[in-house]
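This chain uses plain numbering: 1 for the first residue, then up along the sequence.
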Amino acid sequence: MARPAHYPAWLPLLVLLLAAGGATAQTCLTATFTGGRTFLKCNALPVLGASLHWTYHAENGTADIAFRAQSSATGWVAWGINPTGTRMGGSNVFVASQDASGAVSVITTVLEGTSPTLTNVSLSFAVPVPASAEYSAGAYTIYATVALPSNSSSQNTVWQAGPSSGGAILPHPTQGQNMLGMQNLDFLSGTGTAASNSRLHRRNLHGVLNAVGWGILIPLGAMIARYLRVFEAADPAWFYVHIACQISGYALGVGGWGLGLKLGSESVGLTYRPHRNIGIAIFALATLQVFALFLRPDPKNKYRVYWNVYHHSVGYSVILLAIINIFKGLNILKPATGWKTGYIVIIAILGGVALVLEAITWAIVLRRRKRNQSSGYGNGTNGTGLQL
């Protein structure tokens, strides 16, 4: 994170950001179009390398538009208006793509939901000038004249891009920038308000809570219980540190799990089934662990050994499932590479420390057992009452 007191660190970055922002605006303002078309206003859209150019006719409530978005020749792009909501579902859109011969075409369709049929149908608002499209310099451009719904200059606009194969339009990615192509645009003033990215923030928070809770604190607590209790000087502190890690990890994990359920309920028709099912299993097993603590027998009770087997088996199962599910979540979110690399490094460090402590504690236990046996105090476990 940049720190204001260190001018050499942040000043060049600020200059680069300003230059990039200026370059984007300049590209929008200096764009040229075939057929001598010109437009009075333009917006550089915030995602997918897209821009919208238009001329608004207040006298009849129509707008001539040119939507331009970067894409490979085998991809497709779309732009449209949602007269009834702020998201993709229900949007009336223009979709441009190329067929197998390379000919560019545009269809009009209404998105019924998250898996639309993309049937070429009439839109719910008038299109006085039929749409056309072209592909040049790595970008599609869609041209159309639309009668703005309800004769209002303020409209919820949407745009998207995705792959195609042999002329067939394929589903777009369901993460990152592809989830943010929505904006409320005033065609009269030219001001646009991007759709809230709170959902993306909640997805990221869901990932962070689960990674820290299930994926770091719970394994750390297990390591503390397994290794530190061997050292007599750590008794009974190791137990309280272990409990603190497990309670904190469980609390964060449950928070992340609950947020995941909420996100899932908002994603009608889009379910990451393996990720969801593993998450439910983790929550169920971890909750079982919590309640099992109230049934823990006294250390001298003959059933304590069976409780220990159960406790260790379920605990290690939670850790293994959590690590697997965190990587599944990272593959869904597709954050910057550093996040996945960072978690791999953390797990590698924890694993490395565990291996070292495993060797050290076994050496201590074996030496202690040998000493106790020679003194006639062996107790059948490891001479300390501990079971590694």
Side-chain angles (χ1 to χ4, degrees), residues 37 39-43 45-48 50-69 71 75-97 104-134 140-162 164 168-172 174 178-196 199 266-270:
R37 296 180 178 92
F39 301 91
L40 296 180
K41 295 182 181 295
C42 74
N43 270 359
L45 301 177
V47 294
L48 299 175
S51 59
L52 182 67
H53 311 255
W54 74 93
T55 297
Y56 175 61
H57 306 286
E59 63 277 9
N60 60 8
T62 63
D64 305 322
I65 67 101
F67 170 74
R68 178 168 288 173
S71 173
W76 58 267
V77 304
W79 177 88
I81 293 174
N82 189 337
T84 59
T86 60
R87 306 194 70 81
M88 291 290 179
S91 296
N92 291 234
V93 299
F94 303 89
V95 184
S97 63
V104 179
S105 62
V106 58
I107 65 170
T108 58
T109 189
V110 178
L111 305 181
E112 310 95 339
T114 56
S115 299
T117 58
L118 297 182
T119 305
N120 194 5
V121 298
S122 298
L123 304 182
S124 64
F125 48 81
V127 183
V129 178
S132 61
E134 62 186 20
Y140 281 101
T141 304
I142 298 174
Y143 301 104
T145 296
V146 297
L148 299 180
S150 303
N151 196 25
S152 171
S153 65
S154 179
Q155 299 291 334
N156 295 316
T157 64
V158 298
W159 66 98
Q160 193 55 267
S164 63
I169 295 174
L170 301 178
H172 64 78
T174 54
N178 290 87
M179 304 302 291
L180 300 175
M182 296 160 280
Q183 183 182 67
N184 180 271
L185 175 65
D186 191 316
F187 284 84
L188 178 61
S189 67
T191 58
T193 303
S196 172
R199 178 174 173 79
E266 296 175 353
S267 302
V268 180
L270 180 63

Ser51 side chain vs Leu45 backbone, donor-acceptor pair below 3.5 Å: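 Checked: no pair found.
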Got a second to check how far [X]'s [atom1] is from [Y]'s [atom2], nearest 0.5 Å?
X	Y	atom1	atom2	value
Gln155	Ile81	CD	CD1	5.0 Å
Asn43	Gln183	CG	CD	5.5 Å
Asn156	Asn184	CG	CG	5.0 Å
Trp76	His172	CH2	NE2	5.5 Å
Leu188	Lys41	CG	NZ	7.0 Å
Gln160	Trp79	CD	CH2	14.5 Å

Over all atoms of both residues, closest heavy-atom pair of [X] and [Y]:
X	Y	value
Ala69	Val77	CB-CG1, 3.9 Å
Leu185	Thr157	CB-CG2, 4.2 Å
Gly75	Tyr140	O-OH, 3.0 Å

ring-ring contact (aromatic ring centres under 6.0 Å, His included) partners of Phe187, counting only residues at least two apart: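 Here the qualifying residues are Trp54.
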Student check: side-chain heavy atoms of Trp159 and Val47 closer than 4.5 Å: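 Yes, close enough: below the 4.5 Å cut-off.
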Student check: side-chain heavy atoms of His57 and Asp64 closer than 4.5 Å: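 SC-SC contact between His57 and Asp64 confirmed.
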Can you give the donor-acceptor pairs under 3.5 Å from side chains of residues 123-134 to other protein atoms, not counting sequence neighbours?
unit_1	atom_1	unit_2	atom_2	d
Ser124	OG	Asn92	OD1	3.0
Glu134	OE1	Thr34	OG1	2.8
Glu134	OE2	Tyr143	OH	2.8

Pair Ser154, Asp186: side-chain N/O donor-acceptor within cut-off below 3.5 Å: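 Side chains of Ser154 and Asp186: no pair found under 3.5 Å.
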Counterpart residues, side-chain contact (heavy atoms from CB on, under 4.5 Å), relative to Ser91 (two or more places apart):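 Ser91 satisfies side-chain contact (heavy atoms from CB on, under 4.5 Å) with Asn82, Val93, Leu111, Val158 once adjacent residues are dropped.
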